[in-house]
Student: 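Here you go, one structure.
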Amino acid sequence: MSDIVAQARSLSRAYLRGSTEVHAVRSVDLTIKAAEYVAVLGPSGSGKSTLLNLLGGIDVPSAGSVELLGHNTRQLSDRRLTRLRLERIGFVFQRFHLLPALTATENVELPMAEAGLPRIQRRGRAADLLDYVGLAHRSDHRPGELSGGEMQRVAIARALANNPAIILADEPTGELDRETGAEIAELFSRLNRDGTTLVVVTHDTALAEAASVVRRMRDGRLEPLAET
Amino acid sequence: MLNKLTILLLSVAAQALPSQTLPELLLENRTARQLDIGLGDTVWVSGLDTAERRFVVAGLYRRPGDPSTVTLRDYRAILHLSDLQQLVGVEDRVDRFSLRLRPGADRDQVIAEIDRLAFGADALPAEQVAEASSETFRVISRFHRALAGITITGSAVFLLCLVVLKVEERRLEGASMRDVGISRRSLFLWMFSETVAMASIGTALGLAAGWAGSGLINAYFRGVYDTSMAFARVTDDLTLLVALIGLATGVVVGLLAGLGMVRSGSARLRQP
Amino acid sequence: MINVLSLAWRTLVRRPRRLVLFVAGVTVAAAVLFDMVMLAEGLQRSIGEILEATGYQVRVVPKGLLPFEGGASIRDSRALAAELGTDPRVSDAVPLWGQTVYLSSPGGDPRPTASFGYGAPVGTTPALRIRSGRTIQTSGDLIIDPIIAAEFGVGVGDTLLAGLEPDPAVGALRRRRTVRVVGVANFMFAAEGSATIGLPIEDLWSLAGTASQPAALILIRVAREEDAYGVAHDFRDRLMNVDVYAIPEIIEAAGDRLTYFQQLSLVLGTVSLGVTFLLVATLLTLSVNERWGEIAALRALGVTRGRMLTQVAYQGFIIAAAGTLIGFGAGLLVARYLDEILSDFPGLPVDVSFFVLDFSDAMLAIGVLMTTGLFAGLYPAWRAASVNIAAVLREEIQ
């Protein structure tokens, strides 16, 4: 059985900003294997977030293809793609994007509820995940009552909710101070040690240092592989 | 004039017969249309207990603009008093007299004297009669004022809704402005003037809509009731009142909006 | 709990001040709509109820008029009523006439008091409720209302002088007669503060000095309710100089005179719905705009378009539902206040209301309001469901 989780072939993405065409990703080839921890580094505007969105099926390539867990994302309907994201992919965003109306537990439960998991099971798993990320004592707090680092931990727990095959994280420490960022970096390392496949787009060298594969991106192109 | 409860029974057979010396009557427009009678036609008219008499239709008239009667669908005609008295079988009897007093006459004294003499009748000043007969309009007027009050309340709430959204939407913008040194006073005036402007524009548009609407209302109901009466009128006083109320609403809501904007420092403004 | 509805509710209550204001706005609009629904046919319903309460289902009136509208009369009404009464479907046919009757105390202050006198055949009591005493049973009987009773300080058993024509020359009532108070009653069609009496129609004819037995209308009671329309239709075809109406037909004809209220109701009701739509649409559009990033993230996490659309649409529904519920109560209170104003119309029967709550109309209004709220949320809901996830996330971090 293939241990390739995601594969991009000659992947390109261009979009219009005003009247200017921006080539965010140019002919990228990338293979992500199971249990890999891939960090994509690059300056702002290098296309790394766009690459992550393409890998996660939330953006559509202009050219080339993305195969995600054996599915060509261009051949999937929006409904199937959404389902794939729900069940097999976890996302962690720079700005956390927790629902302010829900508690930490409920935020973690949200993807499980969407997937149809019964309430008792959801609750149990949410509690376990919050414990895993070190926030069991804050489970009933709303995002407005949590610090940045705590919110990101909740977001990571949420990303793990449906036991995804891969977690895609876009600048997960971008809104955090150095110390908190280091804690998140450590959490990601732990996730990977426990077998989670990670792709992290970042400026943060601490995150990059923990990765098993570091790729650099510049002007929409991936530079050749640098193993660590 | 006679008591309208003794209005004659109009049995009509209109023919274009020579009028000769037939007595005349005036027929109301709608009556003429409904009975298919025209100018110059001869009609037979009888009272409850009297024989028919022929009359010639000497003219058609439009029902006066009296809101208490304009919507009625009864048949109406105007006859010479003596003819009407004969038709309804009464002599020397009327529903009311109207008196014009000589200059300098004491009206109250005249009224008292008539009350003493005229058994079964009351003498009333003209304005009292007018007031009694205009009670319908006063009721409508009160009703409209009540509706206006509800409308104004609703408008104030709606304006407040929009303004609250605007204040919340501009939290960050306001915070940034405070950061760069814009004073609270300026922030207040910004929000206040925008709200007042919104209220003013809304009021102006509302007045225009009201003016246009009154034209439509008058055109419609004049057609329905065949009358020249004005059913809706936008007067200068009313325009001024509406403008003041609209402006006042804008000022009050603007004050609340401005205060909401400057209530706290920039840190609070940034809170989600 | 995090089902779609509870998520919608909790998203709304995150900003309680905003929610309260918008619900207040919808409440005002809903209250106005309910009031207009009640007003649209309220007066007609109310009059219809009073007409039904008289127990007579069909009315014969002078052509072109409604009952007691204008002063025309039907000639030879007794004979006509007798003829109509021979129809096997008819159980009773009663002529009714009204005139201004002057009353004075025998031997007391000769200045007469004007009252509105209803003349009906003896033994019949159309459109009144006896408070004390009995109905008219013989010539000379008189039923008075509490106003006349208080004015003259009389009760059952007392006598008064009645006449139609005050004669100023002699300072007395022409063709007067002594009448005997046999009952005190409330007259269903009497206006507030209007003195009203009932007496035998034959006495009224005699006082008027007329031999043509006039009636303002003839009331007809049918043996079976379902025959009312048929009887009205048949009599209408038969009789040339009169109009014949079953009660619903009177109401419909009266509607012609009440165009103002119906059109006011239509205009204000439509405006209310428009305002509701605008309020809900505005709030939800702004709410969606504020939550773009959150919405994009939810879609990225795997929340389907349908779920997203439903969540936002539910928010519109909740606002409309809350405003409708509170607006219903507020509408009833406001209707009471407005009804009190309109009840001052001169000549209006005391029991008449302008604002009448009809269950099916209320349900319709509620349904329309909720649907409006739902529809108002559809566009912002559609926008939320159609969010370009990548574009929004990209702009967030740029």
Side-chain angles (χ1 to χ4, degrees), chain B residues 2-11 31 34-35 46-50 68 71-76 89-90 93 115 117-122 132-133 135-136 138-140 142-143 145-147 150-151 153-155 157-158 160-162 164-166 168-169 213 217 220-221 224-225 231 272, chain C residues 15 17-18 21-22 24-25 27-29 31-32 35 62-66 69-73 75 98-100 102 110-112 114 165-173 209-212 214 241 256-257 259-260 263-264 268 275 278-279 282-283 286 289-290 334 337-338 341-342 344-346:
Chain B
L2 276 178
N3 188 313
K4 62 183 177 182
L5 290 177
T6 57
I7 273 180
L8 39 87
L9 206 77
L10 209 70
S11 75
T31 305
Q34 277 167 344
L35 298 177
S46 66
L48 278 174
D49 297 300
T50 58
S68 62
T71 62
L72 296 180
R73 301 287 190 192
D74 51 349
Y75 300 143
R76 293 197 166 212
V90 298
R93 189 180 151 208
D115 281 344
L117 289 172
F119 178 78
D122 281 324
S133 63
E135 181 59 23
T136 305
R138 279 201 291 277
V139 170
I140 294 278
R142 282 201 296 274
F143 178 63
R145 271 201 294 276
L147 286 179
I150 294 166
T151 311
T153 306
S155 303
V157 171
F158 306 152
L160 204 53
C161 288
L162 293 174
V164 161
L165 281 179
K166 284 176 79 66
E168 288 180 358
E169 199 181 27
I217 288 166
Y220 176 76
F221 282 109
V224 167
Y225 296 118
F231 290 81
Chain C
R15 299 211 194 274
R17 183 176 59 172
R18 177 198 288 190
L21 268 176
F22 273 81
T27 297
V28 172
V32 170
D35 286 346
K63 204 160 191 66
L65 297 177
L66 290 180
E69 184 180 65
S73 302
R75 204 202 284 256
Q99 290 290 294
T100 300
Y102 293 88
R111 267 195 82 73
E165 295 175 33
D167 190 338
V170 300
L173 294 170
T210 175
S212 61
N241 292 331
D256 202 26
R257 281 91 166 143
T259 314
Y260 161 74
Q263 280 158 359
L264 181 72
L268 287 184
V275 166
L278 280 173
L279 276 174
T282 304
L283 174 63
L286 278 161
N289 286 350
E290 280 176 350
V334 170
Y337 164 64
L338 293 174
I341 294 175
L342 289 176
D344 286 342
F345 266 125

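Naming convention: chains lettered A, B, ... in sequence-line order (proteins, then strands); numbering from 1 in each chain. These numbers were taken from a predicted model, which means no experiment stands behind them.
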Student: My understanding is that only one of D35(C), L268(C), V32(C) makes a side-chain contact (heavy atoms from CB on, under 4.5 Å) with L147(B); could you say which?
Tutor: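 So the option named by the test is L268(C).
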Student: Contact between F22(C) and V164(B) at the side-chain level, heavy atoms closer than 4.5 Å - yes or no?
Tutor: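 When only atoms from C-beta onward are counted, V164(B) and F22(C) do not touch, as no gap falls below 4.5 Å.
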Student: Which one wins on heavy-atom pair count under 4.5 Å against chain B: N289(C), T27(C), V275(C)?
Tutor: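 Heavy-atom pairs under 4.5 Å are most numerous for V275(C).
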Student: Identify which of E168(B), R138(B), Q34(B) forms the greatest number of heavy-atom pairs closer than 4.5 Å to chain C.
Tutor: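 The answer is E168(B).
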Student: Top residue by heavy-atom pair count (under 4.5 Å) with chain B, among R18(C), E290(C), R17(C)?
Tutor: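 Ranked by heavy-atom pairs under 4.5 Å with chain B, first place is R18(C).
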Student: Compare every heavy atom of I150(B) with every heavy atom of V28(C), then report the nearest pair and how far apart it is.
Tutor: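 Here V28(C) and I150(B) meet closest at CG1-O, 4.4 Å.
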Student: As an exercise, state the distance from OG1 of T136(B) to CG of L342(C), rounded to the nearest 0.5 Å.
Tutor: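 CG of L342(C) is found 11.5 Å from OG1 of T136(B).
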Student: Taking all non-hydrogen atoms of both residues, which atom of A146(B) and which atom of Y337(C) are closest, and how far apart?
Tutor: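 In this case the closest contact between A146(B) and Y337(C) is CB-CE2, 3.7 Å.
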Student: Below 4.5 Å from any heavy atom of chain C, which atoms of L117(B) appear? Answer side chain, backbone, both or neither.
Tutor: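 Contact with chain C is through the backbone of L117(B) alone.
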Student: Would you give the length of the straight line joining atom CD1 of I140(B) to atom CG of D344(C), rounded to the nearest 0.5 angstrom?
Tutor: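 These two atoms lie 11.5 Å from each other.
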Student: Any idea which heavy atoms bring C161(B) and L21(C) closest together, and the distance?
Tutor: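 In this case the closest contact between C161(B) and L21(C) is SG-O, 3.2 Å.
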Student: Could you work out, with ring pair (Phe, Tyr, Trp, His ring centres under 6.0 Å) as the rule, every residue matching F143(B), not counting sequence neighbours?
Tutor: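 None.
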Student: Apply side-chain contact (heavy atoms from CB on, under 4.5 Å) to Q263(C) and list each qualifying residue two or more places apart in sequence or on a separate chain.
Tutor: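 side-chain contact (heavy atoms from CB on, under 4.5 Å) check on Q263(C) returns Y220(B), F221(B), T259(C).
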